[in-house]
2 protein chains.
Amino acid sequence: MMEENMELYSQVGRNLREIRRQRKISLEELAEKSNVSKLTLGKIERGEANPTLNILWKICRGLTIPLASLLVFEEKTEVYRFGVDPHFNGPNNDWFVDPLFKTFGTMEWYRACIEPNSEYSEFHLAGSEETILVLNGQLEIKVGKMHHLLHQWDVMKFKGEEMHTYINRSDEKVHLMLSLTYKDVNQTL
Amino acid sequence: MMEENMELYSQVGRNLREIRRQRKISLEELAEKSNVSKLTLGKIERGEANPTLNILWKICRGLTIPLASLLVFEEKTEVYRFGVDPHFNGPNNDWFVDPLFKTFGTMEWYRACIEPNSEYSEFHLAGSEETILVLNGQLEIKVGKMHHLLHQWDVMKFKGEEMHTYINRSDEKVHLMLSLTYKDVNQTL
DNA sequence: CTCATTTGCATACTATAATATACTTTTTAG
DNA sequence: CTAAAAAGTATATTATAGTATGCAAATGAG
């Protein structure tokens, strides 16, 4: 097997093994319950397999656990180096966003940049809260119909579901940190 | 493609498409970012593919979203009929547990049954709370060193991390509902 | 409408996931 | 310690996921 994603496979395997052991059932029993061969189950648990969505599904059904549970784990320390890691550009290269820290569900972190004399609008799902910190320069933010002018290191928090616009009226790039918090896992999508 | 898990594949595809559309990037752009072929991405979005864990991983990395996000969705209404759906037996068939409702993370529901004149011990992770309701007969419960005798429809709540034992001293099966609540998603595994 | 972009689709090919079977090693229970 | 059960391994086979290419259909902007 390719050694590309060993760490991922190991994590998933560890999760499965832990759950199975907790239930005190053998590989063979699980094979019956899930209709996945004992060999495949073993390989997955040992991190030697790249299982199919269908197989993951069958295993989770066999254990009556949610599909995502096998794929949740502490991801290793993550470092995103400024200017090195890829980011998402806006349609006119007037802003970009680096999503940071692939934490699950309740919180997301972004590093963003708005080009001089440009703006960017968005809104998020109900129940989300957005917190931003301006890293440099000054930034105008419109939330609903209210405008706010923020300076370096100013922090602001608002309801994410309201349409909001980041406006950079200066002649320099403005950078900001941005975090989104959701009330509920199901609302992150 | 087999039509076995169409519903599952559709759900995952819908999630992916929604996220991609939200980011306003084309299939081709995502193909570049994720190193997954445009064709495969398209198939997944249309629910015509059974993607590999590796592929899911690459897609999520390309979008810098948590791996599990594509697999979280409202599962349909679930009905577990008593005595019909499979359950997990204890080592001596002296108890069995039906895990119910594949809800994610914070709460788990079980239906359990203890055979006459037998018992079952367990404990859970720190921070969990267990709530039980006796459905019929009477059940003795030992939590730590304290014993409690519960009768039909009695309800009891205790810290799941303490070792606890369900004891059925009667000559009839005792059924109970049981729920586990965790403080944190990461503690469910 | 028309053109350009994006998406869907068919075919053929390659890589590999999943299984069956049988055997070895490790773990567990008595 | 020994026997039995469980888990890991090897090989060969089958099924299918993933890709490349080229083209058709749908979508969207002007």
Side-chain angles (χ1 to χ4, degrees), chain A residues 1-6 8-10 12-63 70-71 88-93, chain B residues 1-6 8-10 12-63 67 70-71 88-94:
Chain A
M1 192 180 105
M2 61 174 161
E3 302 198 7
E4 197 182 340
N5 263 328
M6 293 309 269
L8 167 65
Y9 302 144
S10 298
V12 172
R14 234 168 291 156
N15 282 349
L16 175 54
R17 175 152 296 183
E18 195 172 336
I19 293 173
R20 182 174 61 81
R21 291 258 164 92
Q22 200 174 307
R23 295 271 171 90
K24 297 197 173 76
I25 60 181
S26 72
L27 282 174
E28 226 161 65
E29 282 177 88
L30 182 55
E32 283 171 32
K33 284 182 198 296
S34 61
N35 276 317
V36 174
S37 75
K38 173 190 117 176
L39 177 60
T40 300
L41 291 173
K43 276 194 189 168
I44 293 172
E45 288 196 354
R46 270 170 275 135
E48 298 171 6
N50 174 17
T52 287
L53 176 57
N54 186 33
I55 294 291
L56 291 173
W57 168 252
K58 280 158 85 174
I59 294 172
C60 289
R61 274 194 75 207
L63 291 165
L70 293 177
L71 307 184
F88 297 102
N89 291 313
N92 306 316
N93 278 347
Chain B
M1 193 180 107
M2 60 174 164
E3 302 197 7
E4 195 183 340
N5 263 328
M6 293 311 268
L8 168 65
Y9 303 142
S10 298
V12 173
R14 234 168 289 154
N15 283 348
L16 176 55
R17 175 153 295 181
E18 193 171 338
I19 293 173
R20 182 175 62 82
R21 290 260 164 87
Q22 198 174 307
R23 295 268 171 91
K24 297 198 173 74
I25 59 182
S26 72
L27 282 175
E28 226 160 66
E29 282 177 87
L30 182 54
E32 284 171 32
K33 284 183 198 294
S34 62
N35 277 316
V36 174
S37 77
K38 174 189 114 175
L39 177 58
T40 300
L41 291 173
K43 276 193 189 169
I44 294 173
E45 288 195 355
R46 269 170 276 135
E48 297 171 6
N50 175 17
T52 286
L53 176 57
N54 186 34
I55 295 291
L56 291 173
W57 168 251
K58 281 157 86 174
I59 294 172
C60 288
R61 274 194 75 205
L63 291 165
L67 177 58
L70 293 178
L71 306 186
F88 297 103
N89 289 314
N92 306 316
N93 277 346
D94 51 1

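Quantities reported herein were computed from a predicted structural model and do not represent experimental measurements.
Residue A:Arg17 is classed as a sugar-phosphate contact, given heavy-atom separations below 4.0 Å to backbone atoms only. Counting any heavy atom pair closer than 4.0 Å across all strands shown, A:Arg21 reaches no nucleic acid atom. Residue contacts shown for A:Leu39 include a base, since a base heavy atom lies under 4.0 Å away. Within the 4.0 angstrom heavy-atom criterion, base atoms lie near A:Thr40.
Nearest nucleotide to the side chain of B:Thr52, out of C:dA18, C:dT7, C:dA17: C:dA17. Of the listed nucleotides (D:dA17, D:dG18, D:dT19), D:dT19 has the atom at the smallest distance from the side chain of B:Val36.
Put simply, B:Arg20 has a side-chain N or O that comes within less than 4.0 Å of OP1 or OP2 on C:dT7. A close approach under 4.0 Å does not occur between any side-chain nitrogen or oxygen of B:Ser37 and OP1 or OP2 of D:dA20. Side-chain nitrogen and oxygen atoms of B:Arg46 include none within less than 4.0 Å of the OP1 or OP2 phosphate oxygen of C:dT7.
Rounded to whole angstrom, the span from the OH atom of A:Tyr9 across to the P atom of C:dT16 amounts to 10 Å. Distance, B:Leu56 CG to D:dA17 P: 13 Å, rounded to whole Å. Whole-Å rounding puts the B:Lys24 NZ to D:dT27 C1' distance at 17 Å. Spacing between atom CG of A:Leu41 and atom C1' of D:dA7 amounts to 12 Å, rounded to whole angstrom units. Spacing between atom CD1 of A:Ile55 and atom P of D:dT16 amounts to 11 Å, rounded to whole angstrom units. Rounded to whole angstrom, the span from the NZ atom of A:Lys43 across to the P atom of C:dA17 amounts to 8 Å. Between the P atom of C:dA17 and the CD1 atom of A:Ile44 lies a distance of 11 Å, rounded to the nearest Å. Remark: P of D:dT16 and NZ of A:Lys58 are 10 Å apart, rounded to the nearest angstrom.
DNA chain C contains the following stems of three or more consecutive Watson-Crick or G-U pairs, with both distances under 3.5 Å: C:1-12 with D:19-30, C:14-22 with D:9-17, C:24-30 with D:1-7.
Separation of atoms CG (B:Leu39) and CD1 (B:Ile44) is listed at 10.0 Å; rounding is to 0.5 Å. The OG1 atom of A:Thr40 sits 12.0 Å away from atom CG of A:Asn35, with the distance rounded to the nearest 0.5 Å. Rounded to the nearest 0.5 angstrom, A:Ser37 OG and A:Ile55 CD1 are separated by 7.5 Å. Here the NZ-CG distance, from B:Lys58 to A:Leu8, works out to 12.0 Å after rounding to the nearest 0.5 Å.
In this structure, the side chain of B:Asn50 engages the main chain of A:Leu53 through a donor-acceptor pair within 3.5 Å.
Pairing each heavy atom of B:Leu30 with each of B:Arg20, the nearest pair is CD2-CD, 3.8 Å. When all heavy atoms are compared, the tightest approach of B:Leu70 to B:Ile59 is CD1-CG2, 4.2 Å.
Of the residues B:Arg17, B:Lys38, B:Arg21, the one that meets the salt bridge (Lys or Arg N to Asp or Glu O under 4.0 Å) test with B:Glu45 is B:Arg17.
The same atom, P, is picked in D:dT19 and in C:dA18; the two are 16 Å apart, to the nearest Å.
If you check distances only, the side chain of B:Lys38 never reaches the base of D:dG18 with a donor-acceptor pair under 3.5 Å.
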